[in-house]
There are 2 protein chains.
Amino acid sequence: MTEAPFIAVVEDDPEIRALAVSLLERENFDAAACENAAALDDLLTRRTPDLIILDVMMPGEDGLSVCRRISAQGGPPIMLVTAKGDDIDRIIGLEIGADDYLPKPFHPRELVARARAILRRASSTTASALPSSGGHLFRFEGWSLDPAARGLLDPDGLPVELSAGEFELLSAFVQHPQRVLSRDFLMDWTKGRDATPFDRAVDVALSRLRRKLRDDPQSPKFIRTVRNGGYLFAPRVERA
Amino acid sequence: MTEAPFIAVVEDDPEIRALAVSLLERENFDAAACENAAALDDLLTRRTPDLIILDVMMPGEDGLSVCRRISAQGGPPIMLVTAKGDDIDRIIGLEIGADDYLPKPFHPRELVARARAILRRASSTTASALPSSGGHLFRFEGWSLDPAARGLLDPDGLPVELSAGEFELLSAFVQHPQRVLSRDFLMDWTKGRDATPFDRAVDVALSRLRRKLRDDPQSPKFIRTVRNGGYLFAPRVERA
DNA sequence: CCGGCGCCGTTACACGCCGTTACAAGGTTG
DNA sequence: CAACCTTGTAACGGCGTGTAACGGCGCCGG
């Protein structure tokens, strides 16, 4: 990455705003917080974000209105964040020029993944002809994981069926390779909740994932156990 | 396509008026906005619409009155738009010559679907009066879905019969590919209503759609199940 | 107005995911 | 070496999902 993409987060709830900013910064984005539409307008006079993440329900000018205004003049891509179940707003949102939307409450990883996807789409002028996906693939040791289509191919190119939990788990690893990921982190990533005491859910899910990756826990090629620490994804991961 | 049907939208609220016009134009109709009955009369001296979409509650002459006047002289078909749940208006509306009735707030898609239905009914030559797929055809894995003609072609170009519900469901997917769509979202999209507890309607509809797409639920190429989340359309979709 | 037909919502049941539990196999500590 | 920890995983069962079957309802042709 040449330079960190700049993302504006427009959200009135201070807690969610701070959460979103910290999530993005943790993933090495450059994030700026705006508490309302006016603050965004002010920011836009000084810098042009690569992406605007916009809450729909806000005091003052609401997100749909801001979205309409900005996309009408060909501004940066916009991701709308809407309260859960507000489907009509969602549909209209896309029709008035938003590039994506995210239902609230959102999973931390969803926010980051979708931001990445939009930025990639916006920056790539080349139409990639990758099989069955809009673009992004994670490759490791001949395997490839398609996060958009939620599919995994083994080194022979044969599809391997992953359950929802296994897919989320593997996603966490390929997006954070060569780092020790604690069980707490993995629990939060895959389920969005904290582990209860004596919770073995991660261990069992991991055991099942290892089997599908044909990884031997005695001498693992992919997922190494770090005693008292968590797990570590050993292969080098390419983003293609 | 012979020529885009011409639709007049009579509605005093500028936001709803703009929304309706933009929805119709997106579907290749030719739409004209009128902010009141007088503007409609003015328009009628110049062009005859194929359909008039008419708000009931308006300052000045109200929609019922306009409807009575126009249908009495055998004018174009009329769709009334009224405040929600106003059954009396509904009955009166249909008795004084309206062809259909749309409760407000309406689903964006519902407006378009009903407009299409009326035009189809009104014109003896069914398909030719509707805007053809000109700009809108969704292709995925060799299949193609024509939203205007409501038809699906398999990779060999053979037509596959879809029921209304199946078509709406597939529409939702091709317009939101590679995104997890919740059952709530799909219910709202296809029926415009909320799911009741233990509602399996979406699951069953989806199962039927999968069969027509010849998609194996055990290792789906098209529609993947995301447990506790919803469904995801995996293929890359092109708009042609 | 009647009867057939097709759509689709409901129901019922089968099946597979995954969280829990239990136990085994190391490792660690004293 | 004993006691205790951590981790791997088989087994079990609750529950979410797939889908066959049934039947109500609306549509359409007599």
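Protein chains get the first letters and strands the later ones, always in sequence-line order, with residue 1 at the start of each. Basis for what follows: all heavy atoms, side chains included, without hydrogens, waters or symmetry-related copies.
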Rounded distance in Å - [atom1] ([X]) to [atom2] ([N]):
X	N	atom1	atom2	value
A:Glu168	C:dC17	CD	C1'	14 Å
A:Leu169	D:dG8	CG	P	12 Å
B:Glu161	C:dC8	CD	P	13 Å
A:Phe198	C:dA22	CZ	C1'	14 Å
A:Glu166	C:dG19	CD	C1'	13 Å
A:Asp199	D:dT6	CG	P	14 Å

Closest contact, heavy atoms only, A:Asp146 versus A:Phe167: O-CE1, 4.1 Å

Shortest non-hydrogen contact from B:Ala115 toward B:Leu24: CB-CD2, 4.4 Å

Stepwise side-chain hydrogen bond (donor to acceptor under 3.5 Å, both in side chains) check, A:Arg183 with A:Tyr231: CA-CA 8 Å; A:Arg183 286 179 177 73; A:Tyr231 298 94; 3.1 Å; yes

With B:His176, the ring-ring contact (aromatic ring centres under 6.0 Å, His included) member among B:Phe233, B:Phe185, B:Phe138: B:Phe185

Sugar-phosphate, base or nothing in reach of B:Ala164, heavy atoms under 4.0 Å: sugar-phosphate

B:Lys212 and B:Glu161 ion-paired at < 4.0 Å: no

Donor-acceptor pair between B:Ser219 and B:Asp216 side chains, under 3.5 angstrom: no

Base-contact (B) and sugar-phosphate-only (S) positions in nucleotides 16-24 of chain D, heavy-atom cut-off under 4.0 Å, - elsewhere: BBBBSB---

Residue closer to the 5' end of DNA chain C, B:Thr196 versus B:Leu162 (nearest nucleotide): B:Leu162

